[in-house]
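Some notes on the structure that comes next.
All values below come from the heavy atoms of this structure, side chains included, with hydrogens, waters and symmetry mates left out. Reminder, nothing fancy here: chain letters follow the sequence lines and each chain counts from 1.
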Protein chains: 2
Amino acid sequence: MNDVDATLAALADPTRRKVIDLLRDGPRPAGELAQAVQMSPPALSRHLRVLRAGGLVQAEAGGEDARLRLYTLRPEPFTALQAWLDQVQAFWAEQLGSFKNHVERGR
Amino acid sequence: MNDVDATLAALADPTRRKVIDLLRDGPRPAGELAQAVQMSPPALSRHLRVLRAGGLVQAEAGGEDARLRLYTLRPEPFTALQAWLDQVQAFWAEQLGSFKNHVERGR
DNA sequence: TGACTCGTTAACGATAGCGCTGATTATTGC
DNA sequence: GCAATAATCAGCGCTATCGTTAACGAGTCA
């Protein structure tokens, strides 16, 4: 329902998650990323498009060489995912609610 | 690399994420989950198998009626995912490192 | 025992995702 | 202008995944 779907779909692929890990060390041009994950530039370009569509990364026009597209991480989807994760983990926080839920659902 | 791959693959499907959200309110039998997501029991059973394989859920033998399999959330994969998320978000924590990375990579 | 329910497994058709090669656009430097 | 480079787009097979129906063990109750 939320955009968390798109975020998780983007992170599902191991290649894309590796790209995220690579970008943790700083911005990288697309070609360098393709070489790092041992993949043809067109294949990685598709992955980058998915990551862009999900808002996980952002392509800046490289200042020095305009042919290079420097990719950078964007924080929003990750904070949204963390918010959802916190909600899920609240399940164990309210351990005393394990019987409260039974009552609420009337079992 | 890690088992985070399996976790994210399991969470990628919207149906499976909805199951997780449903289980936040407490354990549910498989049939009730299938009805909640408007899906045939076999289809949901496959999703539950994926969630089980990833360790996100656990099937307990229902005490009252042994035919029912009550599914419950398991914490481990979520804490592992949170750990990875924290690593990624550390990228913005060290904002001053944006120039440090340039130096390290010798651009 | 026999009818019924719960859940899973098996087999099938349809769809979507992945990675490749080849072509296209934009930019650099001679 | 022209060759070379960076990145994306387009088209093509391939595999995996998803959901459905049908068949199968397991458990309940008369």
d(CZ, A/Arg52; C1', D/dC9) in whole Å
11 Å
D/dA16 P sits how many Å from B/Asp13 CG, rounded?
18 Å
Rounded to whole Å, please give me the gap between CZ in A/Arg28 and C1' in D/dA6.
17 Å
For D/dT8 and A/Tyr71 - does any side-chain N or O of the residue sit under 4.0 Å from the phosphate oxygens OP1/OP2?
yes
Verify, without hydrogens or angle tests, whether A/Arg74 (side chain) and A/Gly55 (backbone) share a donor-acceptor contact under 3.5 angstrom.
yes
Full working for side-chain contact (heavy atoms from CB on, under 4.5 Å) between A/Leu8 and B/Asp13
CA-CA 8 Å; A/Leu8 287 167; B/Asp13 187 272; over 6 Å; no
With A/Leu51 as partner, the option from A/Thr7, A/Val19, A/Leu73 fulfilling side-chain contact (heavy atoms from CB on, under 4.5 Å) is A/Val19
Quick check: do B/Val88 and A/Leu23 have side-chain heavy atoms less than 4.5 Å from each other?
no
Whole angstroms only, please: what is the CZ-C1' distance between A/Arg49 and D/dA10?
10 Å
From CZ of A/Arg17 across to C1' of C/dG17 the rounded distance in Å is 18 Å
Can you check the A/Glu32 CD to D/dT5 C1' distance for me, whole Å?
15 Å
Mind calculating the distance between CG (A/Leu70) and C1' (D/dA6) to the nearest angstrom?
12 Å
Could you tell me if the side chain of A/Phe78 sits less than 4.5 Å from the side chain of B/Phe91, heavy atoms only?
no
Rounded to whole Å, NE2 of A/His47 lies from C1' of D/dT8 at a distance of 14 Å
Let me have a per-nucleotide readout for nucleotides 20-30 of chain D, 5' to 3', with B, S or -, counting only protein heavy atoms under 4.0 Å.
BBB----BS--
Give the cluster check for A/Val50 versus A/Leu22: same hydrophobic cluster or not, with ILVMFWY residues linked at side-chain heavy-atom distances below 4.5 Å.
no
Taking the nucleotide of DNA chain C with the closest heavy atom to each, which residue, A/Val50 or B/Ala59, is nearer the 5' end?
B/Ala59
